[in-house]
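Proteins come first, then strands; the chains are lettered A, B, ... in the order of their sequence lines, and each starts at number 1.
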Amino acid sequence: MSFDVTLTLTRGARQLAYAFTAGPGLTALFGPSGAGKTSLLDAVAGLLRPAAGRIVVNGQTLFDSGARIDLRPEQRACGYVFQDLRLFPHRTVEQNLRFGAKRAHGADTALGWEHVLELLGIERLLDRMPATLSGGEAQRVAIGRALLSGPRFLLLDEPLASVDAARREEILRLIERIRDELALPILYVSHDRAEVEQLAHTIVPVG
Amino acid sequence: MALLSASEWEILVLSLKVSAVAIGASLPVAFAFAWVLARWRFPGKVLLDALVHLPLVLPPVVTGWLLLLAFATDAPLGRFLNNTLGLTFLFRWTGAALAAAVMALPLMVRAMRLSIENVDPRLEQAARTLGAGRWRTFTAITLPLCANGIFAALVLGFARSIGEFGATITFASNIPGETQTLPLAIYSALQVPGAEGQVTRLAVLSVLLSLGALVLSEWLVRRSGQDKGRHVV
């Protein structure tokens, strides 16, 4: 199993419960806005502590309330592409891309620098500051930064939401390439049915 | 230089020394307070906030008197510092530095707190997911993003220290060569008939120092802005 997740999250007064397993490839978490999809990604990344449950990815236990396991975010080796991208504004594109290189160094899943740049078509952006990038460029840099950090799995949160219609196809193709060329399990959040049906091997309804 | 007499040089050097030590000592303390006030939530936070700001609103003479109560050699805190570290403050330049540090603290905390509040915690989360631990996240993301606030705090703190009068004269007294900083020297010279020339020179010195601090801070802020991006609009 790529993902084996059973957990409850407390968000204010609400209790959210999730349970799913998924095989290799791309698993889409599909549901309306506000259903707690991003909260689930945050919990898998270690940014949000579940009230109870278990998170196992690729056979590695990241969180288990019963066994008192709770790996820190930096130990989980996830490549998280946030919906709001979160590129570091004070660093160039190249510095952003190299930020996770320390962990990637020595990781058996590490992807090559040239490979990723070529895959994403961001060779010419290296000297730019994040604020000067267009939506599509910033999106590709954010994906590149996650891929270059030696991830064992990817979390993609609505990667098409902040991209205009013209760039949408391009990013979609890119995600298909990442899905097919890199053997990384992907957890993909979306509220768009067509997008999910095109990309996903496994669909998990949320909410 | 013939522009200043030997004793005026001494006053200038002492003022700079007192201010530098005051700012150096309060920087980490002020940053810790700023961090706690910006990032933590706990009962009694309002009280801590008020306490930190107290030197800003109290008459400086009262602050000086409170320091006297706390750090006199027969007061518990004063005795403890004297016994353990050999530090005495009364009638010493260290006392002038302590008074200046306490008076500068609230301004430094304010400047740094604002800049810490402006750092988006979501960027720190992103750094964590990229493999950076707490320390690297702090040094590589948080600190550079609030660097301008720290510069501003240093300059504000320096300006406040160099002009400190009330708390210093109350706590450390006005001793030439030991605790007599620029404002105290100007005050003393004003009491002496025929010392108008000295008053003028010292006052001009004060203006130059303050202006210098302002220009330096502008330059630092601009320079860090350029480093961070040709994009800043």
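Of the atoms belonging to A:D84, it is side-chain heavy atoms, and not backbone ones, that fall under 4.5 Å from chain B. If you measure heavy-atom distances from A:R86 to chain B, the contacts under 4.5 Å come from both the backbone and the side chain. Residue A:F82 touches chain B through its side chain alone, counting heavy-atom pairs closer than 4.5 Å. Within the 4.5 angstrom heavy-atom criterion, only backbone atoms of A:L87 (N, CA, C, O) approach chain B.
Using non-hydrogen atoms only and a strict 4.5 Å limit, no part of residues 98-120 of chain B faces chain A.
When all heavy atoms are compared, the tightest approach of A:A45 to B:T129 is CB-CG2, 4.4 Å. Heavy atoms only, all atoms of each residue included: A:E195 and A:D192 are closest at N-OD1, 3.1 Å. Across all their heavy atoms, B:A70 and B:L77 have their closest contact at O-CB, 3.3 Å. Nearest heavy-atom pair across A:R145 and A:L97 is N-CD2, 3.4 Å.
Ranked by heavy-atom pairs shorter than 4.5 Å toward chain B, the options A:L47, A:L148, A:L155 are led by A:L47. Note on A:G46, A:C78, A:P73: by heavy-atom pairs under 4.5 Å with chain B, the leading option is A:P73.
There is no side-chain donor-acceptor pair under 3.5 Å between A:Y188 and A:D157.
Proximity of the aromatic rings of B:W35 and B:F138 is defined here by a centroid distance below 6.0 angstrom, and this criterion is met. Taking the six-membered ring for Trp, A:Y18 and A:F20 have ring centres at least 6.0 Å apart.
Atom CG of residue B:L143 and atom CZ of residue B:F31 lie 5.5 Å apart, to the nearest 0.5 angstrom.
In the displayed structure, A:R173 atom CZ is contacted under 6.0 Å by more than 12 heavy atoms of other residues, nucleotides or ligands.
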